[in-house]
Amino acid sequence: MKNLMLAVAPAALAANLAMADGHLAFAPGEGPFSWDAYNAWSEDAPDLSGQTVTVFGPWLAPENEYFQNALAYFEAATGAKAIYTGSDSFEQQIVIDAEAGSAPNIAVFPQPGLAAVMASKGQLYPLPEGMGDWVANNYAAGQSWVDLGTYADANGADQAYGFFYNVNVKSLVWYSPENFEDAGYDVPGSMEELKALTEQIVADGEVPWCIGLGSGAATGWPATDWVEDLMLRTQPTDVYDAWTTNDIPFDDPRVVAAIEEFGWFARDDAKVAGGAGAVGTTDFRDSPKGLFTSPPQCYMHRQASFVPAFFPEDVEFGVDTDFFYMPSYKSKDLGNPVLGGGTLMAITDPSDATSALMDFFKQPLAHEIMMAQTGFLTPHNGVNLDAYKDDTLRGLGEILLGATTFRFDGSDLMPGGVGAGSFWTGMVDYSAGTKTAAETATAIQESWDALR
């Protein structure tokens with residue numbers, strides 16, 4: 001459930017699509033696209049007529065069509081044929097194909113774990129020379145993206161393998177602008193201000209937060225997102241990284257403190273709709289609905305970019321709902337970390353056409369064509385934000401560009417028995433008040449030890 005993406009209806013775009021040369025979705029020279037940069041790249045692009053580059057990934061309709069629209073501009077510049085194939089069994093099939101020696105030129109991984117495993121087996125090839133440095137200099141929080149795409153090869157040496165293309169944002173707080181305006185509340189710019197706002201809403205006799213952890217067999221995962229965001233806001237990224245690999249134990253005082261920070265919000269009856277006892281039993285899909293009742297049951301809800309799928313149908317963005325970045329602590333000087341996820345391109349069968357396509361993905365246009373069609377987000381500093389198909393996506397893109405560090409969902413990086421097991425259940429116990437933060441962290445660490 002944690003990797004759900006904000007759904008975007010394709011029909012709204014159809015009327016705006018222009019056709020040029022029979023296959024380009026947006027007419028060259030028109031719209032909010034970086035045509036000058038693309039034209040300059042196109043002039044120097046190699047002639048690859050007769051060559052084919054294949055891409056295999058998890059995107060199905062309609063995203064596969066949107067991606068093929070972006071690839072068309074590579075084809076127009078080089079004469080090569082670029083073919084994308086999507087599968088809902090990608091993660092199983094790419095392993096089979098690689099082991100059989102029939103891998104595509106490029107694989108699109110939904111998260112780094114499998115890519116790292118395949119790199120360690122010698123089944124991936126490093127990015128073209130200099131591409132890692134390009135990412136560091138041209139992506140917001142660039143070094144984070146380099147680190148997330150760097151894995152050990154078959155000899156144990158670190159290599160840059162992954163190029164991130166389409167990411168998502170989890171560090172969001174949703175609210176009703178109308179409710180804020182009526183109550184005289186301002187969007188907080190720091191964690192200190194967010195806490196002060198929480199206390200002010202309580203003092204005004206209202207309830208600041210809606211929080212729900214219910215998700216069937218996956219109950220508890222929303223609390224792990226909270227803890228991950230709070231770890232990034234209370235500790236340097238090297239501590240966060242060490243936590244996700246258990247190089248520091250789960251019951252380290254720094255981790256316990258982050259769990260207690262979540263408890264400051266979630267274990268106080270006055271701060272949560274329904275009281276603290278309802279946190280563990282309220283379904284995460286129902287939880288945000290309290291923002292839209294009259295009078296409001298709550299004023300804020302922390303959740304990722306997919307959550308509008310569970311808002312009432314008549315909710316209008318920018319009027320009935322909006323979001324702000326879950327702020328960092330001004331006093332801790334840890335920058336603006338963002339928690340999220342994303343898909344990465346990696347080379348599984350190199351060729352001249354493959355290298356040229358990877359070079360094309362550096363072009364702002366390669367991102368902007370996707371931005372204009374679907375819920376595609378990018379940390380590329382060179383894109384025109386006006387290319388985003390709506391204000392909501394533009395706002396998410398601005399958060400990405402304002403990030404100083406980016407990290408993947410920590411529980412997704414942990415062993416399944418922990419990240420999709422004891423961490424989930426432990427946070428339910430903690431939210432219910434049956435265990436302290438220290439007891440919760442110790443129990444999770446013991447479960448991790450038992451997996452060794």
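What you are looking at is a predicted structure, and each value in this text was computed from that prediction instead of being measured.
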query = Is there a side chain to side chain donor-acceptor pair (under 3.5 Å) between Asp449 and Gln445 once you walk through the steps?
reply = CA-CA 6 Å; Asp449 292 337; Gln445 180 58 47; 2.8 Å; yes
request  = Give the intermediate values and the outcome of ring-ring contact (aromatic ring centres under 6.0 Å, His included) for residues Trp134 and His380.
outcome  = CA-CA 11 Å; Trp134 183 92; His380 194 313; 5.2 Å; yes
Do the side chain of [X] and the main chain of [Y] share a donor and acceptor less than 3.5 angstrom apart?
X	Y	answer
Asn137	Asp133	yes
Ser328	Gly335	yes
Asp320	Glu316	yes
Glu368	Ser34	yes
Ser287	Gly212	yes
Trp424	Gly419	yes
Tyr151	Leu148	yes
Thr293	Pro295	yes
Asp204	Glu206	no
Asn168	Gly341	yes

Flag side-chain contact, heavy atom, 4.5 Å: [X] against [Y]:
X	Y	value
Lys362	Met131	yes
Phe323	Val173	no
Pro379	Val167	yes
Ser171	Ile399	no
Leu393	Met371	no

Stepwise side chain to side chain donor-acceptor pair (under 3.5 Å) test for Glu228 and Ser411 = CA-CA 8 Å; Glu228 290 152 5; Ser411 59; 3.2 Å; yes
Sole residue of [options] in ring-ring contact (aromatic ring centres under 6.0 Å, His included) with [X]:
X	options	result
Tyr165	Phe360, Phe361, Phe109	Phe361
Trp209	Tyr175, Phe262, Trp226	Trp226
Phe406	Trp145, Phe164, Tyr240	Trp145

Parallel, tilted or perpendicular, as decided by the 30° and 60° cut-offs, for the rings of Tyr185 and Phe180 = perpendicular
query = Parallel, tilted or perpendicular: which fits the ring planes of Phe67 and Tyr84, with parallel below 30° and perpendicular above 60°?
reply = perpendicular
Which donor-acceptor pairs under 3.5 Å do side chains of residues 267-279 form with protein atoms, sequence neighbours excluded?
from, atom 1, to, atom 2, distance (Å)
Arg267, NH1, Tyr430, O, 2.7
Arg267, NH1, Lys435, O, 3.0
Asp268, OD1, Ala270, N, 3.0
Asp269, OD1, Ala276, N, 2.8
Lys271, NZ, Trp264, O, 2.9

Looking at [atom1] of [X] and [atom2] of [Y], how far apart are the two atoms once the value is rounded to the nearest 0.5 Å?
X	Y	atom1	atom2	result
Leu401	Asn336	CG	CG	12.0 Å
Thr405	Asp238	OG1	CG	11.0 Å
Asp36	Tyr38	CG	OH	13.0 Å
Ile444	Asn246	CD1	CG	11.0 Å
Leu230	Glu260	CG	CD	11.5 Å
Trp448	Ser422	CH2	OG	8.5 Å

Phe376/Tyr388 under ring-ring contact (aromatic ring centres under 6.0 Å, His included): CA gap, chis, key distance, verdict = CA-CA 8 Å; Phe376 178 98; Tyr388 277 114; 8.0 Å; no
Could you pull out the closest heavy-atom pair between [X] and [Y], with the gap in Å?
X	Y	value
Leu334	Thr404	O-OG1, 4.2 Å
Gln303	Trp174	O-NE1, 3.0 Å
Ala136	Gln143	CB-OE1, 4.1 Å
Leu124	Ala346	CD1-CB, 4.1 Å
Arg233	Pro337	NH2-O, 3.0 Å
Pro288	His301	CB-CD2, 3.6 Å

message = Evaluate Asn166 against Glu63 for side chain to side chain donor-acceptor pair (under 3.5 Å), listing each step before the verdict.
response = CA-CA 11 Å; Asn166 191 20; Glu63 281 74 17; over 6 Å; no
note = So the salt bridge (charged side-chain N to carboxylate O under 4.0 Å, His left out) pairs with at least one residue in residues 329-343 (sequence neighbours excluded) are none
key: From CA spacing to verdict: side chain to side chain contact (heavy atoms under 4.5 Å, CB included), Tyr73, Leu365   = CA-CA 9 Å; Tyr73 293 86; Leu365 185 79; 3.8 Å; yes
key: Verdict with supporting geometry, Phe265 and Thr198, side chain to side chain contact (heavy atoms under 4.5 Å, CB included)   = CA-CA 8 Å; Phe265 293 94; Thr198 297; 4.0 Å; yes
message = Applying side chain to side chain contact (heavy atoms under 4.5 Å, CB included) to Met358 and Ile347, what does each step give before you reach the verdict?
response = CA-CA 9 Å; Met358 295 303 293; Ile347 298 172; 4.0 Å; yes
Asp153 side chain to Gln159 side chain, donor-acceptor N/O pair below 3.5 angstrom = yes
note = Checking Asp241, Thr244, Asp229 against Arg407 for side-chain hydrogen bond (donor to acceptor under 3.5 Å, both in side chains), the one that qualifies is Asp241
Ring centres under 6.0 angstrom apart (Phe26, Phe33) = yes
inquiry  = Measuring centre to centre across the rings, with the benzene-like ring taken for any Trp, is Phe163 within less than 6.0 Å of Tyr139?
reply    = yes
ask   = Below 4.0 angstrom, N of the basic side chain to O of the carboxylate: do Asp390 and Arg394 qualify?
value = no
message = Checking Ile94 against Met118 for the side chain to side chain contact (heavy atoms under 4.5 Å, CB included) test, could you report, in this order, the C-alpha distance in whole Å, the side-chain angles of both residues, the deciding distance, and whether it holds?
response = CA-CA 10 Å; Ile94 189 61; Met118 291 182 62; 4.0 Å; yes
